[in-house]
Trainee: 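What follows is a single structure, and I will ask about it in a moment.
As the structure is a computational prediction, the values presented were derived from the model and not from experiment.
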Amino acid sequence: MRVRSRAAAALAGGCAVILFAAKVFSQMASTGATDQPVRPLPPGMHAPSADFRDVAAEAGLRAEVISGEPDQSYIVENTGTGVAIFDYDNDGLPDIFLLQGDRLQPGGATLAPHLYHNLGGLRFEDVTAKAGIGHTGWEQGVCAGDPFNEGRVDLFIGQWGHNVFLHNLGDGKFRDEARERGLYREKPRWSTGCAFIDYDRDGYLDLVVANYVDFDAQSTPRPRDKSGCNWNGVPVPCGPRGLKGETMTLYHNDRHGHFVDVTKEAGVETPPEYYGFTVLTGDFDNDGWPDFYVTCDSTPSLFYHNKRDGRFEETGMMSGLAVNEDGREQAGMGATAGDYDGDGKLDIFKTNFSNDTDTLYRNLGGGNFADVTSRAGLAVHTQYVKWGTAFVDFDNDGRPDLFVADGHVYPFIDSYHLGEHFKQPRQLFWNRGDGQFYDMSSTGGPGITALHSSRGIAVGDLDNDGSEEIVVVNLFEPPSLLKNFAPRGNALAVRLVTALGRDAIGARVTLSADGHKQIDEVRSGGFHISQGDFRVHFGLGRATKADLTIRWPEGAMETLHDVEANEWIVVREGKGIVERHGFETGSR
């Protein structure tokens, strides 16, 4: 649906202003983007139990995430923030970094992100002040990495304004060194998702940053202005269509503590007409070199294939990842990678706006993907606005399942009786093992059915008991911490550390147990503008041992045999297992 306003000419050179993802609404009828009925399980197949409960309050996660004003008049307020799970003090307990937005109106207390130190047993202490972290600006997305090989994890924060690089000083404190490290731009910009990636395999992490909209609140009409934007008579925030788009940014690590913008020479620069959100990395063609994918809102998404010579080729359309099976661009939000069908190739799942399905792209090999959303039973819940997502094996049966966080962008949508609501439940899909998923959203527990307007998510085993938790950002509320209390199978978690001492972002693990193979990679970024635990988690079902084959970021191979189940291990490049820890049993 095209939403015209008298501000259209000023905003978009005379072209129509389109609501945040509003194209999806009008194209629903022509593309058949309606809910399919939930498919019953075949005779003899039984879904596992799931019991996700929100334990955030008991854990000490009480800070509210603010994203502008409650009436949500501008698009920058609608997009929300991300969250990071990372072990900043190397004590083996993953910590949480909760991003914070800001306010457009003057007054009110100064806002800051929150760093929660993991005390064990799913208990956290807010150590933001102790860590020297204060107000940074209007935060959006976050990714983690150790670009200087110091053995400590740093954070990059994409912001509306000036981006931030929080350098981990090693004494529990952080310092913003964006300017000193070459990551500061004099002109403010709206950056969203990001990911550290060693794209040239030189042992030093580089950085990809997605950028969203060239946005100025002063020149953009408010929804209730006469010159503002509307949809079906509903006044709504303008954008992203009709607002000036952006391009992505690639920074190369010079190996001397600085980053250099190589966007143009590396082939990453595009015309400024994309609305980038989440950066998802992975070796998607199994050639040993990392590629990356950028979900884009209301424009075709971007896929950058690594040419192995320091340059990338954008092949989104050729690969099948730019649009859906109807050839239509979607309002892409979050993304996750996993080998859902066990064929040794990483597939991609992308979330989209309401009145549209999410998209499951099956990796066919050779740089080609196919939209198999309907065939996989995932063309459901089109009434939700979908954001953070993850492949997460909630029952530890060795097959990655799917989680999706939802939430509308307009708090006033409820009063218009359009069948959509600002606060929405989450979604949970069990991987049946036959190429299809089974919808367990209504039976996954109170943490799944609870209503929130959610945005970014992150996944990690926060209590080291062999089951991954999910942290979910909720606008104008504290975050959710979802723990599954249902029975589950055996598991193994693997932390990979390079010979230089950092988490081995880009390493791939192939696990074999009881004749079943799984693959996964250590990655920065993903989900929806967020960061998860660097440890790779594998469900093992009833298997008690597993063989691991590790392909390190620079290409070296290493194999470990008969690794015991129900522990998390640290593997250092060239030295094998250097630490092993049994899973905690108190929470199982």
Side-chain angles (χ1 to χ4, degrees), residues 87 90 143-154 195-208 252-256 266 280-292 304-312 337-339 343-346 363 365 367 492-513 517-526 532-538 545-564 567-581:
D87 186 0
N90 286 328
C143 55
D146 178 10
F148 312 127
N149 294 328
E150 297 172 314
R152 304 186 298 270
V153 182
D154 307 312
F196 286 95
I197 177 176
D198 185 6
Y199 74 88
D200 54 356
R201 302 201 329 182
D202 67 350
Y204 288 79
L205 293 174
D206 312 298
L207 178 65
V208 180
H252 182 250
N253 189 332
D254 71 357
R255 304 176 65 165
H256 300 290
L280 179 70
T281 65
D283 177 12
F284 293 106
D285 59 354
N286 289 352
D287 68 350
W289 293 74
D291 314 299
F292 67 93
Y304 291 93
H305 175 244
N306 194 328
K307 298 177 67 175
R308 299 185 286 181
D309 60 359
R311 296 178 298 161
F312 289 86
D339 182 14
D343 66 354
K345 299 184 288 290
L346 288 174
N363 191 335
L492 177 68
V494 185
R495 182 188 178 195
L496 300 176
V497 179
T498 68
L500 293 175
R502 65 166 172 84
D503 286 283
I505 291 172
R508 172 174 288 195
V509 184
T510 301
L511 178 143
S512 301
K517 283 191 176 183
Q518 304 178 58
I519 66 166
D520 205 351
E521 294 184 1
V522 183
R523 62 174 54 87
S524 173
D533 189 355
F534 281 132
R535 294 178 297 183
V536 181
H537 176 274
F538 294 101
K545 294 180 183 294
D547 294 337
L548 304 178
T549 299
I550 301 164
R551 189 191 66 205
W552 295 97
E554 296 177 55
M557 303 293 292
E558 190 168 346
T559 300
L560 305 173
H561 294 287
D562 294 328
V563 180
E564 296 286 342
E567 60 182 14
W568 70 270
I569 62 174
V570 179
V571 182
R572 182 145 186 162
E573 185 175 8
K575 295 186 177 180
I577 299 175
V578 295
E579 292 182 38
R580 56 196 330 145
H581 308 268

Trainee: Taking all atoms of both residues into account, what is the closest heavy-atom pair of Arg255 and Asn253, and its distance?
Mentor: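 Closest approach of Arg255 to Asn253, heavy atoms only: N-OD1, 2.9 Å.
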
Trainee: Output, in order, the C-alpha distance, side-chain angles, deciding distance and verdict of ring pair (Phe, Tyr, Trp, His ring centres under 6.0 Å) for Phe284 and Phe292.
Mentor: CA-CA 8 Å; Phe284 293 106; Phe292 67 93; 9.9 Å; no

Trainee: Taking the side chain as every heavy atom from C-beta outward, state whether Val570 and Ile577 have any atom pair closer than 4.5 Å.
Mentor: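 With C-beta onward as the side chain, the pair stays apart.
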
Trainee: Quick one: does any side-chain atom of Glu567 pair with a main-chain N or O of Leu492 as donor and acceptor, under 3.5 Å?
Mentor: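 Pair absent, no side-chain N/O of Glu567 close to backbone of Leu492.
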
Trainee: Does the distance from a Lys or Arg side-chain N to an Asp or Glu carboxylate O, for Asp339 and Lys517, drop under 4.0 Å?
Mentor: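 Judged by the 4.0 Å cut-off on N to carboxylate O distance, Asp339 and Lys517 do not form a salt bridge.
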
Trainee: Under a 4.5 Å cut-off applied to non-hydrogen side-chain atoms, are Thr510 and Arg551 in contact?
Mentor: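 The answer is no; the side chains never approach within 4.5 Å.
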
Trainee: Would you say the side-chain atoms of Asp520 and His537 include a donor-acceptor pair closer than 3.5 Å?
Mentor: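 Result is no, nothing qualifies.
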
Trainee: If we ignore hydrogens and angles and just use 3.5 Å, is the side chain of Asp291 paired with the main-chain N or O of Asn306 as donor and acceptor?
Mentor: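 Yes, the answer is positive, given that a donor and an acceptor are paired below the 3.5 Å cut-off.
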
Trainee: Between Asp146 and Gly151, is there a donor-acceptor pair closer than 3.5 Å when you use the side chain of the first and the backbone of the second?
Mentor: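 Yes: the side chain of Asp146 pairs with the backbone of Gly151.
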
Trainee: Identify the two heavy atoms, one from Leu496 and one from Ala507, that lie closest to each other, and give their separation to 0.1 Å.
Mentor: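 For Leu496 and Ala507, the tightest heavy-atom pair comes out as CD1-CB, 3.7 Å.
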
Trainee: Is Asp154 close to Phe148 at the side-chain level, that is, under 4.5 Å between some pair of heavy atoms?
Mentor: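 Sidechains of Asp154 and Phe148: in contact.
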
Trainee: For the pair Asp206 (side chain) and Tyr199 (backbone), establish whether a donor and an acceptor sit closer than 3.5 Å, ignoring hydrogens and angles.
Mentor: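 Flag set: sc Asp206 to bb Tyr199 pair under 3.5 Å.
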
Trainee: Is any side-chain heavy atom of His561 closer than 4.5 Å to one of Thr559?
Mentor: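 Thr559 reaches His561 side chain to side chain.
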
Trainee: Compare every heavy atom of Gly288 with every heavy atom of Asp283, then report the nearest pair and how far apart it is.
Mentor: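 Heavy atoms of Asp283 and Gly288 come nearest at OD2-N, 2.8 Å.
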
Trainee: Is it true that a side-chain atom of Arg535 and a backbone atom of Val494 form a donor plus acceptor pair closer than 3.5 Å?
Mentor: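 Looks like no, no N/O pair under 3.5 Å.
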
Trainee: Would you say Pro147 and Phe196 make side-chain contact, with heavy atoms under 4.5 Å?
Mentor: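 SC-SC contact between Pro147 and Phe196 confirmed.
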
Trainee: Under the 3.5 angstrom rule, does the side chain of Asn149 hit a backbone N or O of Gly203 as a donor-acceptor pair?
Mentor: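 Yes; judged by distance alone, with no hydrogens or angles, the pair exists.
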
Trainee: Any side-chain heavy atom of Glu579 within less than 4.5 Å of one from Ile569?
Mentor: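 Result no, sub-4.5 Å side-chain heavy-atom pair not found.
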
Trainee: Keeping Glu558 on the side-chain end and Gly574 on the backbone end, is there a donor-acceptor pair under 3.5 Å?
Mentor: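 Looks like yes, one N/O pair under 3.5 Å.
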
Trainee: Are more than 12 heavy atoms from other residues, nucleotides or ligands located less than 6.0 Å from atom NZ of Lys307?
Mentor: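 Yes, because the 6.0 Å sphere around NZ of Lys307 holds more than 12 heavy atoms from other groups.
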
Trainee: Evaluate the criterion side-chain contact (heavy atoms from CB on, under 4.5 Å) for residue pair Asp562 and Asp547; output intermediate values, then yes/no.
Mentor: CA-CA 5 Å; Asp562 294 328; Asp547 294 337; 4.0 Å; yes

Trainee: Can you name the closest pair of heavy atoms from Phe534 and Val522 and give their distance?
Mentor: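 Minimum heavy-atom contact is O-CG1, 3.7 Å.
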
Trainee: Hey, does Val536 have a side-chain heavy atom less than 4.5 Å from the side chain of Glu521?
Mentor: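 They are not in contact (no side-chain heavy atoms under 4.5 Å apart), so the answer is no.
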
Trainee: Checking the side chain of Glu573 only, and the main-chain atoms of Thr498 only, is there a donor and an acceptor separated by less than 3.5 Å?
Mentor: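 Between the backbone of Thr498 and the side chain of Glu573 there is no qualifying donor-acceptor contact (under 3.5 Å).
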
Trainee: What are the two closest non-hydrogen atoms of Val153 and Asp87, and how far apart are they?
Mentor: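 Looks like CG2-O, 4.3 Å.
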
Trainee: Report the C-alpha distance between Asp202 and His252 in whole Å, list the side-chain angles of each, state the deciding distance to 0.1 Å, and finish with yes or no for side-chain contact (heavy atoms from CB on, under 4.5 Å).
Mentor: CA-CA 11 Å; Asp202 67 350; His252 182 250; 4.1 Å; yes

Trainee: In sequence, state the C-alpha distance, the side-chain angles, and the governing distance for Val571 and Val497, and then conclude on side-chain contact (heavy atoms from CB on, under 4.5 Å).
Mentor: CA-CA 6 Å; Val571 182; Val497 179; over 6 Å; no

Trainee: With rounding to the nearest 0.5 angstrom, report the CZ to CH2 distance, Arg495 to Trp568.
Mentor: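 Reported value, rounded in 0.5 Å steps: 7.0 Å.
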
Trainee: Mark yes or no for whether Asp503, through its side chain, and Ile505, through its backbone, hold a donor-acceptor pair below 3.5 Å.
Mentor: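 No, because the side chain of Asp503 does not come within donor-acceptor range (under 3.5 Å) of the backbone of Ile505.
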
Trainee: Verify side-chain contact (heavy atoms from CB on, under 4.5 Å) between Lys545 and Val563, making sure each step is shown before the conclusion.
Mentor: CA-CA 5 Å; Lys545 294 180 183 294; Val563 180; over 6 Å; no

Trainee: For Arg508 and Asn286, which I'm curious about, is there any donor-acceptor pair between the side chains at under 3.5 Å?
Mentor: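 There is such a pair between these side chains.
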
Trainee: Would you say Leu207 and Cys143 make side-chain contact, with heavy atoms under 4.5 Å?
Mentor: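 The answer is yes; the side chains approach within 4.5 Å.
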
Trainee: Looking only at heavy atoms, which two atoms of Ala195 and Ser524 are closest? And how far apart?
Mentor: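 Taking every non-hydrogen atom into account, CB-O, 3.3 Å.
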
Trainee: Report yes or no: is the cationic atom of Arg201 (NZ for Lys, CZ for Arg) closer than 6.0 Å to the six-membered ring centre of Trp289, at no more than 45° off its axis?
Mentor: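 Yes.
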
